[in-house]
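As structure tokens, the structure follows; a few thoughts come after it.
Quick caveat: nothing in here was measured; it's all calculated off a predicted structure. Quick note on labels: first sequence line is chain A, next is B, and so on, each numbered from 1.
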2 protein chains.
Amino acid sequence: MTTVRGARARARIEITAAIKDEARTQLAAEGAAKLSLRAVARELGMVSSALYRYFPSRDDLLTALIVDAYDAVGAAAERASAEAEAERPLDRWTAVCRAVRAWALAHPHEYALIYGSPVPGYTAPQDTIAPAARVGLVLIDIVRGAHTGEGVALPPLPDALSPEAERISTDLVPDLPPALAVALVAAWAQLFGLVSFELFGQFQRVVEDRDPFFTAAARRLGQDVGLLPGG
Amino acid sequence: MTTVRGARARARIEITAAIKDEARTQLAAEGAAKLSLRAVARELGMVSSALYRYFPSRDDLLTALIVDAYDAVGAAAERASAEAEAERPLDRWTAVCRAVRAWALAHPHEYALIYGSPVPGYTAPQDTIAPAARVGLVLIDIVRGAHTGEGVALPPLPDALSPEAERISTDLVPDLPPALAVALVAAWAQLFGLVSFELFGQFQRVVEDRDPFFTAAARRLGQDVGLLPGG
DNA sequence: ACGAAACGAGAGCACTGCTCTTGCTTGCGA
DNA sequence: TCGCAAGCAAGAGCAGTGCTCTCGTTTCGT
């Protein structure tokens with residue numbers, strides 16, 4: 001049997017989920033800094049030491065939440081992409097960007113957990129790298145689907161960038177020209193720059209009506225990666 | 001006398017500076033999360049309660065460090081802009097972007113403090129808003145200095161964005177066209193998206209040779225705000 | 001020269017993450 | 001079917017945290 005072994009195993013995954021749920025609740029309420037293992041345990045009616053049977057440390061709990069958060073934004077992006085499948089590539093790109101922003105606004109603390117300052121001197125655990133790539137893959141897919149041979153005139157690559165551009169291209173999108181690969185990675189980072197600035201308060205007293213602003217900026221980003229307004 | 005009143009006042013500003021210095025050291029070593037008032041006090045040979053004569057709380061100490069950090073990046077950007085004053089606007093823009101990135105790489109924890117996740121539900125103290133604007137002002141200056149009437153063809157503004165574009169323009173750069181103002185704000189946010197992604201590890205296994213990549217992206221950003229490669 | 005304000009030291013409170021020990025319960029293998 | 005190892009919760013405890021309050025001392029303006 002590959003199914004659950006018994007009552008004990010089932011209980012374990014249920015409790016693990018309950019811990020993550022309660023932790024997520026506290027995260028949403030107070031932020032990552034104030035997430036307290038003892039408070040989680042208290043709320044769940046257990047004693048703090050019992051919690052260490054499920055997560056070896058507070059950081060491991062946080063890592064689990066990080067993975068879940070990456071999966072959540074990734075899923076939101078994938079859903080948006082699927083729903084806009086019939087639309088023109090540039091509209092689809094914009095829809096995905098808007099979905100990412102919407103998820104971020106709905107889950108600010110979880111967003112901060114993954115795109116804010118990571119614990120410094122800390123290298124991302126292996127578990128996080130695959131989920132972290134999901135949004136990027138969605139964007140890649142849209143651009144790849146739209147790339148019809150030699151559509152757009154991309155700015156020429158400076159010589160110093162050529163080797164790196166080749167590397168990025170072969171690693172990520174071997175079927176697209178290197179200049180596009182570079183533009184894509186840059187647009188990906190810039191998208192989260194827009195979201196982060198809005199979420200982290202840098203737009204206070206600068207941008208008031210943020211939805212149209214973001215939409216226009218995201219659309220522009222799409223044009224930067226070769227998606228044409230015409231379709 | 002408007003000068004220092006006496007030994008006591010002089011001592012106060014010296015001790016305040018010493019506290020900030022030591023705090024900055026700990027920040028650089030371990031990150032904001034592990035910055036401990038008690039450890040700072042210990043290192044300075046005083047008792048923790050004495051420290052509260054200078055900063056009413058840990059958050060106030062952090063706020064002071066935030067202001068200093070904003071001033072530091074701002075100063076770095078201004079310096080770069082001044083040094084590149086003779087160059088073509090696009091090169092000057094790129095130089096400023098590179099200076100921001102260089103400062104961030106040199107002071108990762110301080111960068112994270114200001115452009116990473118701010119304590120959520122938290123609104124920036126009044127003291128931080130002026131220093132926070134410095135980098136943006138430098139960028140504005142370069143673009144304004146380069147704007148010669150009707151140089152570039154900016155993409156048309158969607159209707160939904162027009163009112164907000166007017167607002168941003170009159171607030172920030174009344175002498176430039178609204179479409180340019182919007183592009184400028186977006187480029188500003190996108191610049192920090194690039195820096196943050198590099199610093200926070202999102203480029204791991206994606207971009208290896210980051211200097212030319214960043215330079216090209218920053219240059220592209222400059223073109224997005226109407227700076228021409230030709231000069 | 002006096003009194004108020006500023007200051008440093010110390011004790012103490014409530015809280016944190018984490019460890020260790022002590023028993024109870026579960027469930028697998030003999 | 002039974003026994004024993006593993007899984008588990010509970011409690012006590014340690015070292016550390018931010019912050020408060022009190023108590024003498026020093027400094028400085030009047």
Inset, instruction - Decide, yes or no, whether a salt bridge links B:D211 with B:R98 under the criterion of side-chain N to carboxylate O below 4.0 Å. - result: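 Between B:R98 and B:D211 there is a salt bridge, with a charged N closer than 4.0 Å to a carboxylate O.
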Where do N or O atoms of nucleotides 3-5 of chain D meet protein N or O atoms at under 3.5 Å, pair by pair?
none

Nearest non-hydrogen partners of [X] and [Y], listed with the distance:
X      : Y      : answer
B:P163 : B:A160 : CD-O, 3.7 Å
A:A95  : A:A80  : O-CB, 3.9 Å
B:Q26  : B:S36  : OE1-N, 3.7 Å
A:Y52  : A:S57  : CE2-CA, 4.2 Å

Inset, instruction - Please determine if a side-chain N or O atom of B:R12 lies less than 4.0 Å away from the OP1 or OP2 oxygen of C:dC7. - result: yes
Inset, instruction - Scan nucleotides 10-17 of chain D nucleotide by nucleotide, 5' to 3', and note B when protein non-hydrogen atoms come under 4.0 Å of the base, S if they reach only the sugar-phosphate, - if neither. - result: BB-B---B
Rounded off to whole Å, could you give me the [atom1]-to-[atom2] distance for the [X] and [N] pair?
X     : N      : atom1 : atom2 : value
A:L61 : C:dT16 : CG    : P     : 14 Å
A:E14 : D:dA9  : CD    : C1'   : 17 Å
B:K34 : C:dT16 : NZ    : P     : 18 Å
B:L51 : C:dA6  : CG    : P     : 17 Å
B:R10 : C:dC7  : CZ    : C1'   : 17 Å
B:Y52 : C:dG10 : OH    : P     : 17 Å

Inset, instruction - Over 60° means perpendicular and under 30° means parallel, so classify the ring planes of B:F197 and A:Y115, tilted if in between. - result: parallel
Inset, instruction - Give the ring-plane orientation class for A:F213 versus A:F203, where under 30° counts as parallel, over 60° as perpendicular and anything between as tilted. - result: perpendicular
Inset, instruction - Could you go through the side-chain hydrogen bond (donor to acceptor under 3.5 Å, both in side chains) check for A:T63 and A:D60 one step at a time? - result: CA-CA 5 Å; A:T63 300; A:D60 289 87; 5.5 Å; no
Inset, instruction - Would you indicate what A:Y54 reaches in the nucleic acid, counting non-hydrogen atoms under 4.0 angstrom: base, sugar-phosphate, or nothing? - result: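 Sugar-phosphate contact only - A:Y54 comes under 4.0 Å of backbone atoms but never of a base.
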Inset, instruction - For B:I15, answer base if it contacts any base atom (sugar-phosphate contacts may also be present), sugar-phosphate if it contacts only those atoms, and nothing otherwise; contact means non-hydrogen atoms under 4.0 Å. - result: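 Touches sugar-phosphate only.
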Inset, instruction - Using the salt bridge (Lys or Arg N to Asp or Glu O under 4.0 Å) rule, collect all pairs that involve residues 192-208 of chain A, keeping only residues at least two apart or in two chains. - result: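 Listed by first then second residue: A:R101-A:E198.
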